[in-house]
2 protein chains.
Amino acid sequence: MDGTLNIRVTPQTSAAAHTADCAVFGFSKGELRVLLVQRAVEPFSGYWVLPGGAMGDEERLEETARRVLLELVGVRDLYLQQVATYSDPVRHPVRRVVTTSYYALVKPENHTPIARGYLSEAAWHKLTEVPELGFDHNRLLQDAHHRLIQHLRDRPLAFDLLPERFTLTEAQKLYEGILGESLDRRNFRRKILAYDFLIETSEKRAGVKGGPILYRLDRSALEREMNG
Amino acid sequence: MDGTLNIRVTPQTSAAAHTADCAVFGFSKGELRVLLVQRAVEPFSGYWVLPGGAMGDEERLEETARRVLLELVGVRDLYLQQVATYSDPVRHPVRRVVTTSYYALVKPENHTPIARGYLSEAAWHKLTEVPELGFDHNRLLQDAHHRLIQHLRDRPLAFDLLPERFTLTEAQKLYEGILGESLDRRNFRRKILAYDFLIETSEKRAGVKGGPILYRLDRSALEREMNG
DNA sequence: ACAAAAGTGTTCCTAATACACCCATGT
DNA sequence: ACATGGGTGTATTAGGAACACTTTTGT
């Protein structure tokens, strides 16, 4: 109950720090990728971790997440969803840090990550080739991915990861990358075209003669789909 | 990134308190109910709220939730799921309190809640007749209920709310109470009996001659169902 | 010419839904 | 006798899964 007073012998409010960590997913070259940063300071110096940062005094955690991602990868207005909160007293080896994790979806094409501050590197990693991460971030990443899968099975939100114009095969590869299973091409096309938020453009990809049809997204139809 | 050092101008770690609040769901007299407690102190004195308490220095939040519920309703080993974390800087009128919410499932029959400490009352409320709660707890409750619905659609976890022996009609009423819609009796029975974790007992409810068949749960079959 | 990827329809099966009558008990 | 709630089966439909061949383009 917000700890104003406590029930009986309730331990007193602790002064744990609170951070937001983000599993930023992107899709490029036919692979689902996650943005990782490499620490240049202890603890876990040299380890890759999920980008994150401390909650400010006047900030909600979601704002913390957005600020961190803006500072780090220069991206605004991304799709952001809270996943879970991790509070093991010893998850951080130096002092107590509670963290809340988010997953985010971005189009990697536009945003080259830059390592700043105490980071030595920032780079996209294939989700299938993620190294051992610092802290409990392998767990956070796994949980975030799992939540993304759950959401994707409900609603077609993956298009935040695709460029403006994309082919159905690209969309399928994306779904397969997220879900971790391969899908039947005909069934996938039929199902996805049954929605009315995919618009066939008359354009073809630059440079090629024929090639696959490019589609674009009807944002408002997608919104309607997500809400209705 | 656990805030050991901060990216550029990141605000310094704040000293927000952290609490765990629980939406405890029970089922009795054919109604889905939620356990609420009434505050006897400011802020929100006289208001009903979700039971909760401050995270201890050596505690994970889930342990906080279990401890609070043990102290309040004397129940152990309940089904507990994290829902979300709320961090609006002004969600608590006095000082900054971040809270993580859980939902819990209990059998109300066994556990009469007791108001302790700064509480003037503790009581089960019909979910359909929840008053205006203190803090942002109406929101927490709504989100917790929503998460419970989601989980229930995936897996048959609602049996934690039923007594040892129960009729199929009771189970159906429970499902209807959680999902907020009415179900076809025959379809419900067929679907639920298709699982193999419901065991028909030869007993009938005490006092009645014939009456409906009582079922009990095969815990291990349910576990198998939930995992496999 | 050959290899690689795009495009297209049908069949099958499972799961969800809708629906009506008989029986036993308690009043 | 009547009202209430328990118990049972079938027909329809919608959605998901499986599956093969033809066309175009790039090498």
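So you know, we letter chains A, B, ... as the sequences are listed, proteins then strands, and number each from 1.
- Across the protein-nucleic acid pair, Phe188(A) atom CZ and dA5(C) atom P stand 17 Å apart, rounded to whole Å.
- When the P atom of dG6(D) is taken as reference, atom CD1 of Ile192(B) falls 16 Å away, rounded to whole Å.
- Counting to the nearest Å, the P atom of dC19(C) and the CG atom of Leu183(B) are 15 Å from each other.
- Between Phe159(A) and the choices Tyr215(A), Tyr195(A), Phe166(A), the ring pair (Phe, Tyr, Trp, His ring centres under 6.0 Å) rule is met once, by Phe166(A).
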Please list, pair by pair, any protein nitrogen or oxygen found under 3.5 Å from a nitrogen or oxygen in nucleotides 8-16 of chain D.
residue	atom	partner	partner atom	Å
dT10(D)	O4	Arg190(B)	NH2	3.2

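- Here Arg219(B) does not pair with Glu223(B) in a salt bridge; the nearest charged N to carboxylate O distance is not below 4.0 Å.
- The separation between Glu181(B) atom CD and dA18(C) atom P is 11 Å, rounded to whole Å.
- Each of His145(B), His151(B), His146(B) was evaluated against Tyr103(B); a single residue qualifies, His151(B), per the ring pair (Phe, Tyr, Trp, His ring centres under 6.0 Å) test.
- With values rounded to the nearest 0.5 angstrom, His92(B) atom NE2 is found 8.0 Å from Thr19(B) atom OG1.
- Among pairs with a residue in residues 156-173 of chain A, those fulfilling side-chain hydrogen bond (donor to acceptor under 3.5 Å, both in side chains) read Arg165(A)-Glu203(A), Glu170(A)-Arg205(A), Gln172(A)-Glu176(A), at least two apart in sequence or across chains.
- To the nearest angstrom, P of dA17(D) lies 13 Å from CD of Gln172(A).
- Between Thr169(B) and dG6(D) there is a side-chain polar atom (N or O) within less than 4.0 angstrom of OP1 or OP2.
- Thr167(B) comes within 4.0 angstrom of no nucleic acid atom, judged by non-hydrogen atoms across all strands.
- Ion pairing of Asp143(B) with Arg147(B) is absent here, as no side-chain N (NZ or NE/NH1/NH2) approaches a carboxylate O to less than 4.0 Å.
- The CD atom of Glu170(B) sits 13 Å away from the P atom of dG5(D) (whole-angstrom rounding).
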